[in-house]
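Heads up, the thing below is written out as structure tokens.
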Amino acid sequence: MPRSLHIPLLASLLLLSASPQQPRDADKDTTAILQANYLYNIAKLVEWKDPGMRKGNFIIGIIGNVNLYQELIKQYATRTIGKQPIEVRKLPRTAEVEPCHLLFVGRDDLGLLPGIYTRMSGKPTLLITEYEGALQDGAVVNFVKVDNLLKYEMSLANAHGHGLVMGVTLKNLAHRVDE
Amino acid sequence: MKRMAQLLAVALACTSGARAQGDALAEAMRAYRAGTLAEARTFVDEAVRKTAHHKDPEAWLLRGFIYKDIYKAAGPAVADTLRAEALSSLHKSLALDAEGAFKESAMQACDYLCRSYFTDAAKALADQDDHRALRMFTAHRSCIMRLDPKAELRDREVEFTNALGTLYTKRHTRDRTDTASFRKAVSAYGRVLELEPGNYGANYNLSTLYYNRGVFNIQGIRADDGIPSIMQIQEVSREFFLQALPYMLKAHDMNPSRRETLLGLEGIYYSLQDEESSDKFRRLFEQMPLDEQR
């Protein structure tokens, strides 16, 4: 029984434990996972007044944020909002946005927002963003970071402008509601 | 091992010259020298039962050596018992040997057997048998302390407990619902940090363990979970991320050029919704040349 036998054995165990992790790959993108679930749940609690929006696929458009897009495809693409099957679209990085029920614009694409706000004005699209001051600019729902948690705030006035009725539960659970 | 056998031979040669043929101890020695260990065992067991040799340190020393050699050749089913018997005989020899005539041989044999417990603890970890690993390590520690009550075993315990923590972590990683393994891993790394607060591996691994637990909770969110559930799950995960943070910061302070801790901090801050700090460590990670890591 060689005296040094334990050394390579233990060393190999320790080396295995020290292999680097990749915390920002899609599987570990906790914010994307949370946002995807929020988008789905928010969509369930909003009413589109435009009858034309209550038929066909329920289109969720994503600009930027690949991980969020992937999470939506993975977890929610086979589900429905009401009776409308969800269709997730990864949209090109342009303000010339095609019509959709819900549009998320990530923080890497803030430069597109002025054009998007203009183009979407009065249209039945639930516009969701993730930057400070977004409700003042025209977003309906905005993700905010509070006490190390991801929450959302919403503007009822902006919702009204897009022909959207926000559910009571959605309002009650929001971090902040602009009337 | 040759030196140990030579020592034994010298030690016994000094005293056994006058033993009559037919004496059980002399027969045991003869059989041992001839390499017929089973026969030697029978004779030496007989010898120590007799009044003439019952309190004879030489007889117990020989018995210790015979059992040690049988242990070395034995299969796993009986090896532990044989080793314990060898040690018990050697301890008895040491206790009876008032003049210290056999002390060096007995101590060397004990030392070898004590060490073998650590080797077995390491093997058990490699076989993912934590119960046996803990038993073997405890036996190793007791064995060494009996030989030398002032022996410094901290480094050994750090090495072993770190590896034990890794075993529990792997088990928890295979089945994230296995929270018992999670708690055992936390406890193992916690013990390492009690012994050695500046242990890089334990700081990094403990942080990663907490971080992964927080991530796993969030990964467990299902479409049917409503917004109140999302908030509750986040709050639970936040506690794990907050627990992960100081250990990763410590690991980073100890070795700022390690890419893995930069990436770890980036991930923890990101999950804590602290974009500014997350971005800072992401930039540091991206700026760190690959060959800088030490």
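Every chain is numbered from 1, with letters handed out A, B, ... down the list of sequences. As the structure is a computational prediction, the values presented were derived from the model and not from experiment.
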- Task: Would you sort out whether A:Lys28 and B:Tyr270 count as a side-chain contact (heavy atoms from CB on, under 4.5 Å), showing the intermediate values?
- Result: CA-CA 10 Å; A:Lys28 291 198 167 185; B:Tyr270 181 78; over 6 Å; no
- Message: Under 4.5 Å from any heavy atom of chain B, what part of A:Tyr40 do you find: side chain, backbone, both or neither?
- Response: side chain
- Query: Crowded around B:Lys280 NZ? As in, over 12 foreign heavy atoms under 6.0 Å?
  - Reply: no
- Taken to the nearest 0.5 Å, the spacing of A:Thr31 OG1 from B:Leu272 CG works out to 10.0 Å
- Message: Once rounded to the nearest 0.5 Å, what's the spacing between atom CD1 of B:Ile230 and atom NZ of A:Lys151?
- Response: 12.5 Å
- Does any heavy atom of chain A fall under 4.5 Å from the side chain of B:Phe241, the backbone, both, or neither of them? side chain
- Who wins among A:Leu45, A:Asp147, A:Leu170, A:Thr169 for the most heavy-atom pairs under 4.5 Å with chain B? A:Asp147
- Query: With no hydrogens and no angle check, is any side-chain donor or acceptor of A:Asn148 less than 3.5 Å from a backbone partner on B:Asp274?
  - Reply: no
- Task: Taking the side chain as every heavy atom from C-beta outward, state whether A:Leu34 and B:Gln273 have any atom pair closer than 4.5 Å.
- Result: yes
- Most heavy-atom pairs under 4.5 angstrom with chain A, which of B:Thr261, B:Ile227, B:Asn217? B:Ile227
- Item | Approximate separation, where rounding is to 0.5 Å, of B:Ser271 OG and A:Asp29 CG | 8.0 Å
- Message: So for A:Ile33, is it side chain, backbone, both, or neither that comes closer than 4.5 Å to the heavy atoms of chain B?
- Response: side chain
- Task: Pick whichever of B:Asp225, B:Thr169, B:Leu242 has the most heavy-atom pairs under 4.5 Å with chain A.
- Result: B:Asp225
- Message: Quick check: do A:Arg79 and B:Asp224 have side-chain heavy atoms less than 4.5 Å from each other?
- Response: yes
- Item | Best-contacting candidate, B:Met231, B:Arg238, B:Gln219, against chain A by heavy atom pairs under 4.5 angstrom | B:Arg238
- Message: Can you confirm whether A:Gln136 is buried at CD, in the sense that more than 12 heavy atoms of other residues, nucleotides or ligands lie under 6.0 Å from that atom?
- Response: no
- Item | Distance (rounded to the nearest 0.5 Å) between A:Asp27 CG and B:Ile218 CD1 | 13.0 Å
- Message: If you compare all heavy atoms of A:Asn41 against all heavy atoms of B:Gly226, which two are closest, and at what distance to 0.1 Å?
- Response: OD1-CA, 3.7 Å
